[in-house]
Every structure is written in C-alpha cells, then in structure tokens.
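Only one structure is covered here, and it is reproduced in the block below.
Chain letters run A, B, ... following the sequence lines, proteins first, then strands; residues in each count from 1. All values below come from the heavy atoms of this structure, side chains included, with hydrogens, waters and symmetry mates left out.
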Amino acid sequence: MDIKKIEKKWQERWEKAGLNRFDPADKEREKLYVLEMFSYPSGAKLHIGHWYNYGPTDSYARFKRMQGYNVFQPMGFDAFGLPAENYAIKTGVHPKDSTLRNIETMEGQLRAMGAMFDWSAEVKTCNEDYYKWTQWMFLQLYKKGLAYRKEAPVNWCPACNTVLANEQVVDGKCERCDTPVVRKNLTQWFFKITDYAEELLSGLDGLDWPEKTKSMQRNWIGKSTGCEIEFECDNGEKFKVYTTRCDTVYGVSYVVLAPEHPLARSLTTPEQREAVEAYIDYAARANEIERLSSTREKTGVFTGSYCTNPVTGKRVPIYLADYVLYSYGTGAVMAVPAHDERDFAFATKYGLPIVKVIENRDGETTLPFTEDGLVACNSQFDGLAGEEARDKIAAYIASLGKGGKKVNYRLRDWLVSRQRYWGAPIPVIHCEKCGAVPVPENELPVRLPYDVEFRPDGKSPLAKCEKFMNTACPQCGGPARRDPDTLDTFVCSSWYYLRYTDAKNDRAPFDREKADRLLPVDVYVGGAEHSCMHLLYARFFTKALRDMGYLDFDEPFKRLVHQGVILGPDGNRMSKSHGNVVSPDEYVNEYGADAFRLYLMFGFSYTEGGPWSDDGIKAIARFMDRVEKIVIRSIAYSGNAPYGHEERALNYARNYAIQRVTRDMEAFSFNTAIARIMEFTNALYKYDGLTGEKDATLFKACVRDLILILAPCAPHFCEELFERIGGKGSVFDESYPREDADALRLDETEYAVQVNSRIVCKAMLSSDASNEEIEQAALALPEVAEKLAGKTVKKCIVVKGRLINLIIG
RNA sequence: GCCGCUGUGGUGGAAUUGGCAGACGCAAGGGAUUUAAAAUCCCUCGGGAUAAAACCCGUGUCGGUUCGAGCCCGACCAGCGGCACCA
C-alpha cells in the first residue's frame with residue numbers, strides 16, 4: 001500500500017465530504033463534544049506530545065462517530081504568550097511573525113495527521129477577531145464586579161529590571177539570568193475567582209475527572225473552617241485574627257500581624273518605631289528563595305503595643321512577623337506556642353510565655369502538642385475535646401460579639417496583568433479625572449500595535465508606544481492613557497471551548513443557543529500540568545458567564561482524561577538541553593501517520609505514558625501488513641462449509657473482539673483495544689489456515705468487522721481496505737459493529753478446579769449447569785477423586801464460569 | 001512536613017475489579033524456507049527442580065483478613081507528581 005498516496009487521497013475526500021465537521025442541521029444524532037487542549041505554537045513543529053494527545057483522542061472521536069454520535073472535535077491555537085516573546089527578544093523576529101508562521105506549519109502537520117478536526121471552527125487567540133472577545137470578557141467581569149485593581153506584590157527580577165510571570169520564576173530565581181527574584185508592589189488587575197471558591201470546590205464532586213486532579217484542585221482551593229476572634233488594643237483599635245484552633249484560645253501568649261498589615265505602623269510605639277520600620281523593610285525585601293524555605297528561622301519584632309484576649313481578658317503583646325501572611329485569613333494570628341509549632345519556635349526564640357491549655361488524652365503532653373486533646377485551663381470548657389470544644393468556644397465568642405465561625409480559602413484572586421507585549425491588551429483607559437475607565441464595547445478590540453520595542457528595559461513594552469498609549473477618556477473626552485499591560489494568556493484559554501461553537505461570530509463571542517447545545521464538553525483530553533491553572537480558570541469563567549446570563553450550564557468539562565507524558569529514551573522529560581528529543585516526523589515518513597498513531601496507542605498505557613522506544617514500531621507495521629493480507633485474501637474467498645465448530649470459534653473471536661474493543665475504546669484503554677484486534681486477526685489467520693471447506697460468507701463478514709473496529713485507530717488504512725472489499729463511501733459512515741450476545745454464549749466453559757484453593761485440573765463444564773451439577777461434575781473428575789480419598793467435602797465454592805473450589809478435610 | 005499516585009518477567013504492558021498472574025506485543029533462543037541475506041512461517045520463553053512430569057517458589061518488603069489476595073487492611077521501603085510558615 002502506498003501510504004503517502006492513500007493518506008492524501010482520504011484526507012482530501014474527507015475534507016470534500018465534510019466528514020470532519022459537526023453537522024448543526026442534524027438534530028437526530030446525539031451531539032458529542034470531544035476536545036483536546038489546543039496547541040501552543042511555541043515551536044515550529046508537532047512533537048510527540050501533540051501526537052500522543054491528538055492521535056488516540058481522535059480515534060476515540062471517530063469511534064464515537066461510528067457509534068452514531070454527531071461529533072464536534074475542533075482545534076485551534078493558544079497563540080499569545082511568553083515563549084514567542086522571549087524568542088523575539090533573542091532573535092529579533094517579531095512574535096506575530098514567528099507565531100503565525102509556526103501556526104501555519106503546525107496546522108499543515110495537524111491536517112496531515114488525519115484527525116477529524118473541524119477546521120471550520122478553528123480559533124487563534126492572537127487574532128483580533130478572537131482577542132476582541134477576550135477583552136469583552138474582561139469588561140463583563142469588570143461590570144459584574146469580578147475584575148478589580150489593587151496593589152499587590154509581583155515577582156521582580158532586579159537584574160533584568162522587569163516583572164516576571166510565575167512560570168518564569170524557577171526555584172525562586174529568574175529563568176533567564178538566575179538572579180533571585182524579589183517581591184515588588186505594583187497595581188495590578190485581578191479576577192475575583194475567590195467569589196466562586198465554594199462552588200469550584202463542591203462542583204468537583206459531580207465531575208467525571210481523575211481523582212488525582214480533583215484532589216489537586218481541592219487542595220489548591222484549600223477550604224478551612226475556623227474562627228475569627230476580635231482583639232482590642234490598648235489604644236482602642238480592633239483587629240481580627242483567624243484560627244482553626246479556637247479551642248486553644250486560652251493559651252494565647254501574644255498575637256502576630258503580618259508586616260504588611262494596615263495597623264502595623266499605627267500600633268507601633270515611639271520606642272519601637274525604628275526597629276519596626278527596619279523589620280517592615282527587611283520583610284519587603286526578602287527574596288523568593290528565602291520566602292520559599294519553610295525551615296527558615298522565624299523573625300519578628302515587638303510593636304510595643306498590647307491587646308486583650310476577649311475570652312480571658314488577659315493583655316498580650318502584639319508582634320509583627322513575616323511567618324504570618326497578609327493575604328490569608330485576616331493577616332493576623334493569635335499565637336499559642338504550646339499548641340503550634342511555628343508559635344513555639346517563635347516564642348522560644350523571643351522568650352515569650354508558653355501556656356499549656358490542651359492535654360493529650362492518651363499519654364504525656366509534650367510541647368508543642370498540636371493534635372486534638374482535652375481542654376484543660378480552668379475554664380467552663382474543660383474536658384471538651386476537638387470539634388466539640390471548638391464549636392462551643394466559637395459559639396461563646398460569637399455570644400460575646402467578638403467574632404465566630406468563619407470559613408477561609410487558600411485560593412487567591414487571579415492576577416491577570418502582565419507587563420508583557422504578546423498578549424491581549426487590557427481594555428481600560430486611565431484618566432486623571434475619571435480614574436480607570438473601561439473601553440466601551442463598541443470600540444473593541446483595543447488593537448495590539450505591531451511596531452513596539454519589546455526588548456525588556458524595565459517598562460511594559462506597550463508603555464513605550466506613544467501611539468498606543470495616548471487616547472481620549474471615553475467618559476470626559478479629555479486626554480488619557482491606555483493600560484500598558486496585557487492579559488495573562490490563561491484568560492484567552494479560559495473560554496476558547498465556547499468560541500469554537502461559533503468561531504466566526506462577529507457580533508458576540510458566541511451564540512447562546514449554539515453554546516448551550518454543544519456544551520458542556522463531553523470529553524476533554526490534555527496534560528495533567530493544567531490541573532490547577534487552566535482547568536480551574538475555565539471553570540470559573542463558565543460559572544461567571546452563567547451568572548451573567550450568557551450560559552445555561554455549571555461546568556465546562558464533564559469528563560476529563562489526562563494522557564501520560566512520553567519521555568525521552570533516557571527516561572527524562574524530552575528537552576533540547578537533555579538532547580533526548582525524538583521527532584515524530586521520521587517515523588511518520590517511514591511508516592505513515594496511521595502506523596505511528598497505532599504504535600502510540602499500543603505501546604503505552606494512555607494515562608501513564610513512559611520513556612520512548614521504537615522497539616515495537618516495526619511490529620505495528622507487520623500487524624498492518626497482516627491485516628492487509630487477510631483482507632485481500634478474503635476478497636476471492638469461496639466455500640460454503642456448514643456452520644460447525646471452527647466457524648463458531650471464529651464467530652466467537654469476532655464478537656469477543658467487538659465487545660472488548662468497544663469497552664476499551666470507551667475507557668481510553670487503547671493498548672488493550674488493539675491487543676484484542678490483534679487477537680481477532682490471529683483468529684482469522686487460524687481459520688484461514690485450516691484444511692477443508694470454508695464458510696466464505698462468515699469469513700468475509702468477519703474481515704469487514706475487522707476493518708470497522710480498526711478504522712478509528714488507523715483511519716486512512718481502513719478506508720482503503722474498506723474500499724477494496726467493495727465498501728461504498730466512507731468507512732466512518734458505517735455503524736460500529738455490535739456484538740452478538742448469542743455468539744458469545746458457549747455451551748461449555750473451562751473451569752479451574754481447585755481442591756483446598758489449589759488448582760488440581762481444568763474441566764470443560766456445561767455453561768448452564770447449576771452449582772450442584774458443577775460440584776457433582778468436579779467430584780467425578782479423577783484428579784479430584786484422588787485428592788478426596790476418604791475425606792469429606794466441607795465446603796464448595798462455585799464462581800460461575802470461572803472456577804470451583806472444594807474445601808475438604 | 002502535608003496530600004496524592006506508582007511499584008508485576010530481559011522489556012512495553014495485561015489481569016473481567018477478590019477467582020487459572022504474565023493477555024497482546026517487543027527482545028532473545030531454536031527450527032523451516034533461502035545458494036545467502038532480508039521478508040515470512042512454526043516452536044520455546046517468570047524462577048527453581050527434573051530425563052520428562054508431578055512438585056516448590058513468585059506481583060517492592062513484613063504482617064493481617066479470606067476457601068482464595070497483584071487487587072482489601074496495617075506497618076515499612078523505593079520512585080514520581082503536587083502543595084508548602086495557609087495559623
């Protein structure tokens with residue numbers, strides 16, 4: 001078979017017949033939205049990871065199409081982002097030019113793969129017709145109060161004199177120059193994802209996602225139930241602390257505010273002023289490496305002020321320490337050194353009292369004792385423990401009007417500003433009179449200018465482009481400046497699955513009816529590295545758009561599958577620096593797209609991945625060769641043998657294969673699906689090799705089914721074979737074979753016969769025998785009789801169709 | 001430190017979810033065909049023991065539950081991934 005020729009032939013036919021497209025007019029077939037995470041065009045070519053993601057998933061989509069679904073499988077490009085910009089900085093090639101060029105090659109390669117992508121729905125996030133709507137999304141969130149601006153610390157590289165994205169910070173250092181990154185306060189745009197923390201958490205329960213991914217998201221959201229407690233300072237100022245251990249409130253020996261806490265300075269006494277200022281300065285300068293270290297010694301400073309524990313009435317000193325995070329809870333904690341390791345370390349260092357108020361129920365109480373125990377502090381709560389103690393004490397605090405139960409989340413609001421060029425400009429205008437004014441929707445898109453100096457020199461690249469920056473305030477008409485920042489690329493990818501449903505719409509980001517019809521995505525396939533970013537952001541967008549009335553569903557991705565990672569032959573992640581990158585191209589050239597896809601499907605457990613090895617790729621070519629040969633042989637097959645034992649065996653093999661392959665394809669268990677197809681092929685060879693008259697009708701029907709069940713996994717190849725045996729039109733317009741339950745019902749089943757749980761022999765027993773009959777048959781076996789000699793059967797276990805176990809003694 | 005996952009032949013990986021461990025392949029060895037090679041086809045292929053069999057051992061380690069454990073429970077070891085001063 002001339003692979004190159006048939007690939008081209010069928011790809012053209014599919015395109016012409018519109019076979020790859022979702023048919024919106026067809027209301028008969030049930031829709032099925034199969035989505036692969038779109039491509040990131042940072043390199044010019046498809047790598048094995050793309051193939052591994054898209055090839056097998058396309059086979060799944062084709063399989064579902066044959067099962068009668070109206071399948072929608074779009075593809076596009078996540079085209080904004082740092083790599084293109086960094087490449088530009090290095091080489092001088094404009095990000096737009098390199099990106100569009102990369103997209104063009106990748107698109108060609110994706111088409112050559114032979115996947116049934118619906119290219120009529122293609123999106124490229126860097127094009128105006130897309131980012132216009134990304135900006136529109138920003139404006140809707142802004143209107144809804146879900147986008148806001150505040151000053152926040154960002155990663156700053158003092159050597160490059162620029163802000164870095166989180167992804168650019170590797171082990172606390174700048175990825176380009178290895179300089180430790182420091183924090184710097186800048187005014188930034190945020191999305192209020194925390195408003196949805198609870199729903200993002202509870203919504204996970206109903207999703208058909210890998211448990212690992214769900215637990216990562218749960219962890220990331222980090223719900224914690226605790227208690228807020230208000231402390232009043234000597235000067236009358238009040239602040240709240242947050243604790244999950246309000247049962248230890250009787251043991252508070254000091255309180256700590258984060259150095260950034262707004263009361264930090266006002267609570268400082270004149271004598272402490274100098275030390276406090278020095279400490280605040282020190283904390284602000286602490287670099288990422290230091291901050292990341294949990295073994296770092298605790299530091300802090302006394303403010304000079306005191307406040308009162310509302311439960312005990314005791315006065316305790318107020319400290320500042322950077323082991324308290326301003327961004328979590330209230331930015332202030334009560335310190336109970338006896339029952340918290342951090343407080344214990346701090347109190348020990350600064351000579352603060354350590355007061356034990358919880359006793360270990362089962363043994364000695366060695367401090368710090370951080371587990372649940374009995375309250376023991378001469379209070380009305382003595383003797384209570386754990387949750388009960390916390391409930392009662394929280395209720396008591398609430399009754400004092402000093403706080404009460406409170407839920408907190410670890411999740412932070414999403415910082416979306418980037419001081420970068422290659423992204424969607426933030427559609428906001430800053431006016432001296434009116435402040436931050438959103439760009440009116442009818443003025444979108446805010447175009448990203450082409451001629452911009454994007455080499456880093458400490459300023460946002462767009463800020464240096466006067467033509468871009470200078471504009472008029474939409475509110476007062478006076479001179480104003482545009483926001484010089486661009487949106488995080490994750491904003492672009494948070495709604496692309498919606499745009500696919502209506503990619504050409506120039507009046508709206510998507511049509512509600514179309515979106516509601518196609519969504520949610522039925523199966524979403526992509527790498528696990530996006531567990532806490534993209535997948536969480538996309539869920540947030542869906543929920544926010546729902547609440548704004550643009551959608552009618554709660555979750556974007558019903559089922560999620562992560563393909564594994566194909567590593568280099570040395571077991572390391574493929575990378576240029578490791579020198580272990582394997583290119584798919586040479587294999588695709590030599591063996592063809594189908595063989596390469598088949599090999600990826602057969603050689604790995606899909607969700608596991610593993611080190612690349614081409615050991616078996618020849619075997620796949622051999623397998624395809626065997627299939628082709630038997631198909632050709634079947635064409636001239638003749639014979640009219642009566643339906644006998646061999647025919648039944650062949651028909652069994654056929655139906656067994658259909659049954660198992662159907663199940664395995666559904667489960668993304670591609671390696672076993674192909675193993676079953678190989679077995680069926682072997683059965684055909686076996687039948688063919690028999691002497692005597694053959695049943696040509698059966699044989700041809702079997703060969704036809706072989707082509708059909710293999711078709712999703714080797715599309716061009718099977719189209720060609722289907723045509724050879726006289727099939728009309730596309731094999732993908734055929735129904736996927738269904739197993740015949742009768743053919744799978746055998747008269748006799750092989751049983752493993754055990755005596756005292758050890759296998760004695762095997763026996764063919766009637767399939768519809770009762771347990772008693774099976775037992776009798778087993779007892780009649782000579783091997784069993786031998787073991788039984790003189791002993792009695794105490795128990796008999798029968799597993800229908802599998803084994804019988806006689807317990808004797 | 002916390003959370004999660006994984007551990008099966010020389011090798012990639014299976015195992016109907018508690019029921020014959022090692023499907024399907026690869027590699028290896030032997031044979032057929034061939035002047036020869038490639039290709040193709042057939043046989044063997046977890047370990048031990050044996051002339052061969054019966055038999056014994058075997059799913060990271062050690063225990064447990066069960067008629068029966070790769071699968072469930074407990075403790076540990078190793079590797080991978082995520083989070084990490086979240087009060």
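Remark: A:Arg597 fails to qualify as a cation-pi partner of A:Trp51 under the 6.0 Å distance and 45° angle criteria applied to the six-membered ring.
Separating the NE2 atom of A:His339 from the P atom of B:A87 is a distance of 17 Å, rounded to the nearest angstrom. We find that CG of A:Asp625 is positioned 14 Å from C1' of B:A38, with the value rounded to whole Å. Between the CD atom of A:Glu529 and the P atom of B:G81 there is a distance of 13 Å, rounded to whole Å. The distance from atom CG of A:Asn805 to atom P of B:G68 is 9 Å, rounded to the nearest whole Å. Atom CZ of A:Arg626 is separated from atom C1' of B:C24 by 12 Å (rounded to the nearest Å). Atoms CG (A:Asn756) and P (B:G19) sit 20 Å apart, rounded to a whole Å. Atom-to-atom, CG of A:Leu690 to P of B:C41 comes out at 17 Å; the value is rounded to the nearest Å. Put simply, CD on A:Gln754 is 18 Å from P on B:U66, counting in whole angstrom units.
Residues A:Arg410 and A:Asn219 have side chains that never bring a donor and an acceptor to within less than 3.5 angstrom of each other. In this structure, a donor-acceptor pair under 3.5 Å is present between the side chains of A:Asp570 and A:Asn580. Looking at A:Asn408 and A:Ser224, their side chains never bring a donor and an acceptor atom within 3.5 Å of each other.
Atom C1' of B:G58 sits at a distance of 10 Å from the matching atom of B:G48, rounded to the whole Å. Taking atom C1' in both B:C57 and B:A51, the straight-line distance is 22 Å, to the nearest Å. Taking atom P on both B:A87 and B:C76, the two are 25 Å apart, rounded to the nearest angstrom. Taking atom P in both B:A37 and B:U17, one finds a spacing of 50 Å when rounded to whole Å. Taking atom P on both nucleotides, B:G19 is separated from B:C26 by 29 Å, rounded to a whole Å. Rounded to whole Å, the P atom of B:U8 lies 10 Å from the corresponding atom of B:G13. The P atoms of B:A54 and B:G47 are separated by 16 Å, rounded to the nearest whole Å. B:C20 and B:U59 are spaced 15 Å apart, taking the P atom of each and rounding to whole Å.
Contacts of A:Ile759 with the nucleic acid, taken as non-hydrogen atoms under 4.0 Å apart, involve only primed sugar atoms and P, OP1 or OP2. Within 4.0 Å (heavy atoms only), A:Val324 reaches at least one base atom of the nucleic acid. Contacts of A:Asp343 with the nucleic acid, taken as non-hydrogen atoms under 4.0 Å apart, are absent.
Taking only side-chain nitrogens and oxygens, A:Arg758 comes nearer than 4.0 Å to OP1 or OP2 of B:C56. In terms of phosphate contacts, A:Tyr751 brings no side-chain nitrogen or oxygen within less than 4.0 Å of OP1 or OP2 of B:C20. Taking 4.0 angstrom as the limit, A:Arg573 places none of its side-chain polar atoms (N or O) nearer than this to OP1 or OP2 of B:G81. Contact check, A:Arg622 against B:C26: a side-chain N or O comes under 4.0 Å of OP1 or OP2.
Taking the O4'-C1'-N9-C4 or O4'-C1'-N1-C2 dihedral as appropriate, B:U17 has a value within 90° of 0 and is therefore syn. In this entry the base of B:G9 is syn relative to its sugar, with a glycosidic angle within 90° of 0.
Close placement of the A:Phe346 and A:Tyr319 rings is indicated, their centers lying within 6.0 Å of each other. Ring centers of A:Tyr279 and A:Tyr282: under 6.0 Å apart, within the cut-off.
Here B:C20 is the nucleotide among B:G25, B:A23, B:C20 with the atom lying nearest to any side-chain atom of A:Glu750. For A:Asp322, counting side-chain heavy atoms from C-beta on, the closest listed nucleotide (B:G19, B:C67, B:C85) is B:C85. Nearest to the side-chain atoms of A:Ser757 among the listed nucleotides B:C67, B:G82, B:A87 stands B:C67. Listed nucleotides: B:A84, B:A87, B:C20. Nearest to the side chain of A:Arg410: B:A84. Of the candidate nucleotides B:A87, B:C24, B:C20, B:A87 has the atom nearest to the side chain of A:Ser224. Of the candidates B:A27, B:G82, B:C85, the closest approach to any side-chain atom of A:Lys298 belongs to B:C85.
Applying the side chain to side chain donor-acceptor pair (under 3.5 Å) rule to A:Tyr591 yields no partners; only residues at least two apart in sequence or on another chain are considered.
On a pure distance criterion of 3.5 Å, a polar donor-acceptor pair joins the side chain of A:Lys762 and the base of B:C20.
Each of A:Gly616 and A:Arg660 has a nearest nucleotide on RNA chain B; the 5'-most of these lies closest to A:Arg660. Residue-to-nucleotide proximity on RNA chain B shows that, of A:Lys629 and A:Ile807, the 5′-proximal contact is made by A:Lys629.
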| remark: 5' to 3', nucleotides 1-14 of chain B under a 4.0 Å protein heavy-atom cut-off (B base, S sugar-phosphate only, - none) gives --SS-------BSS

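You'll find the side chain of A:Met678 reaches within 4.5 Å of the side chain of A:Ile620, heavy atoms only. Between A:Leu204 and A:Arg539 the shortest side-chain heavy-atom distance falls below 4.5 Å.
Heavy atoms only, all atoms of each residue included: A:Ile658 and A:Ile709 are closest at CG1-CG2, 4.2 Å.
Helical stems in RNA chain B, defined as runs of 3 or more consecutive Watson-Crick or G-U wobble pairs with both donor-acceptor distances under 3.5 Å, are listed by first residue as B:1-7 with B:77-83, B:10-12 with B:24-26, B:28-32 with B:40-44, B:46-48 with B:55-57, B:60-64 with B:72-76.
Ion pairing between a basic and an acidic side chain is recognised when a charged N comes within 4.0 Å of a carboxylate O; A:Arg390 and A:Asp247 show such pairing.
Each of A:Trp612, A:Tyr606, A:Tyr599, A:Phe670 was evaluated against A:Tyr52; a single residue qualifies, A:Tyr606, per the ring-ring contact (aromatic ring centres under 6.0 Å, His included) test.
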